[in-house]
Amino acid sequence: MARLLADRPADSLTIGEMARQLGHSHGAVRNAALTLVRRGEADQGGTGQPEFRANAKTAAAAQTAVISPPGTHSPRAQAAPARTTILAAATPRQTGPIRRAGGQLYHPRELADLPDVEALNRLRDADVPVLLYGPPGTGKTSLVEAAFPDLLTVAGDGDTTVGDLIGEYTQDDGGSYVFQYGPLVTAMTEGRALLIDDATLISPKVLAALYPAMDGRRQIQVKAHKGETIKAEPGFYVVAGHNPGVHGAVLTEALASRFSVQIQIGTDYDLALALKIDARVVRVARHLARQVELGELGWAPQLRELLSYQKTEAVLGTTAALANLVGIAPVEDRDAVADAVIKAVGVKKIAPLTLGKQLSASAVRQPPGSAVSARWSRSR
């Protein structure tokens, strides 16, 4: 890796470009490149897809072997049986947190005796597509972004078209029409990871355009652009997200059969406590989640809602944050959510956040949520 960068000092190379030249897996190249950056023996740039470039120390690094950090993946050329459960369990591992491309931190969770990001990278090296499923707001997208810095994402819905995946003609500034490749083609040609988010909201006819890229053919035909054939480069990988409880989400047999590994994602309420979200609100969320599991309720706050509560409380106060927590629940579940909040907080009534009467100039205003905040501060 260092030798490749040192030989091309003026170039900034992507993981896909280096993987193609070195003949190693995307995961192995990614980890080697990040190792060089951590040691100060290469520089990383790029606003989206990461790019790596030689610096003053790269040539010296190329003269000695680089020992990979814990979690480095084996090249594709090595036999898959070498990745045994015993070996994985015995390997020292970094358990996070990991900084995502947008700057947010992701806290890894355990999956098959491995950190989840490590497990996903191993599955990528073995070309095993993964479907992540669970309620919205549980961290499915965050996990994929943490695992794959080179990620491209398609946000699926009922209006997603084949052109949104593969590409379509668009008009340029000169009035001419040019074909603009979509994220599927880009991921295939650059050897990048592709997340199909909310895949089960996309029409099965549209998703059918993706399937030839995922099977043994690893290629697609772009009929709209002269019937061009696009072949997947090493490192190309597809992962999908599915929210079973969302209206209109349908997991067809054709889609499910393309993903050999399907992983359920739920909210880590212990992580919510570690992030200093109020323990009483977390306890409410746990209680509601148990009711959802028993089929007694249809909704419970997930990590996304709990983080939103924390931010709202900091800005508007506890009363408003609690009212908003009730208000974001589906109408049919609001009474149950309100009851749980009332029992946890000790207030007599809680209702969705609502505009009140118009304030007069002489109105006396108290700090947001002062009454409830005072009671909570005494009880914490």
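All heavy atoms count here, side chains included; hydrogens, waters and symmetry mates do not.
Note that Arg124 lies in the cation-pi zone of Phe148, set by a 6.0 Å cut-off to the ring centre and a 45° limit from the axis.
Here the side chain of Tyr237 pairs no donor or acceptor atom with the backbone of Ala187 at under 3.5 angstrom. When atom types are taken as modelled, the side chain of Arg334 and the backbone of Gly327 share a donor-acceptor pair closer than 3.5 angstrom. Between the side chain of Thr14 and the backbone N or O of Glu51 there is no donor-acceptor pair closer than 3.5 Å. Remark: the backbone N or O of Thr229 is not paired with any side-chain donor or acceptor of Gln219 at under 3.5 angstrom. Panel note: side chain Arg304, backbone Gly139; no donor-acceptor pair is recorded below 3.5 Å. Looking at Thr267, its side chain does come within 3.5 Å of a backbone N or O of Leu303 through a donor-acceptor pair. Asn121 places a side-chain N or O within 3.5 Å of a backbone atom of Val117 that can act as its donor or acceptor partner. Side-chain N or O atoms of Asp157 include one that pairs as donor or acceptor with a backbone N or O of Asp159 at under 3.5 Å. Glu305 places no side-chain N or O within donor-acceptor distance of the main-chain N or O of Gly137, the cut-off being under 3.5 Å. The main-chain N or O of Ser142 is never found under 3.5 Å from a side-chain atom of Glu145 such that the two would form a donor-acceptor pair.
Checking each of Asp116, Leu120, Leu143 against Ile263 for a side chain to side chain contact (heavy atoms under 4.5 Å, CB included) leaves exactly one that passes, namely Leu120.
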Go through the steps to decide whether Leu275 and Leu307 satisfy the test side-chain contact (heavy atoms from CB on, under 4.5 Å), and finish with yes or no.
CA-CA 9 Å; Leu275 295 175; Leu307 290 170; 4.0 Å; yes
Stepwise side-chain contact (heavy atoms from CB on, under 4.5 Å) check, Thr58 with Phe52:
CA-CA 11 Å; Thr58 307; Phe52 299 88; over 6 Å; no
Test Leu5 against Glu41 for side-chain contact (heavy atoms from CB on, under 4.5 Å), laying out the working first.
CA-CA 10 Å; Leu5 293 174; Glu41 296 168 344; over 6 Å; no
Can Tyr269 and Gln302 be said to form a side-chain contact (heavy atoms from CB on, under 4.5 Å), step by step?
CA-CA 8 Å; Tyr269 292 109; Gln302 304 299 328; 4.0 Å; yes
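Note on ring orientation: taking the six-membered ring where Trp is involved, the planes of Tyr133 and His242 are tilted (angle from 30° to 60°).
If you take NZ on Lys57 and CZ on Arg39, they are separated by 11.5 Å, rounding to the nearest 0.5 Å.
The shortest distance between side-chain heavy atoms of Gln180 and Val185 does not fall below 4.5 Å.
Salt-bridge check for Asp198 with Lys140: failed, with every basic side-chain N at 4.0 Å or more from each acidic carboxylate O.
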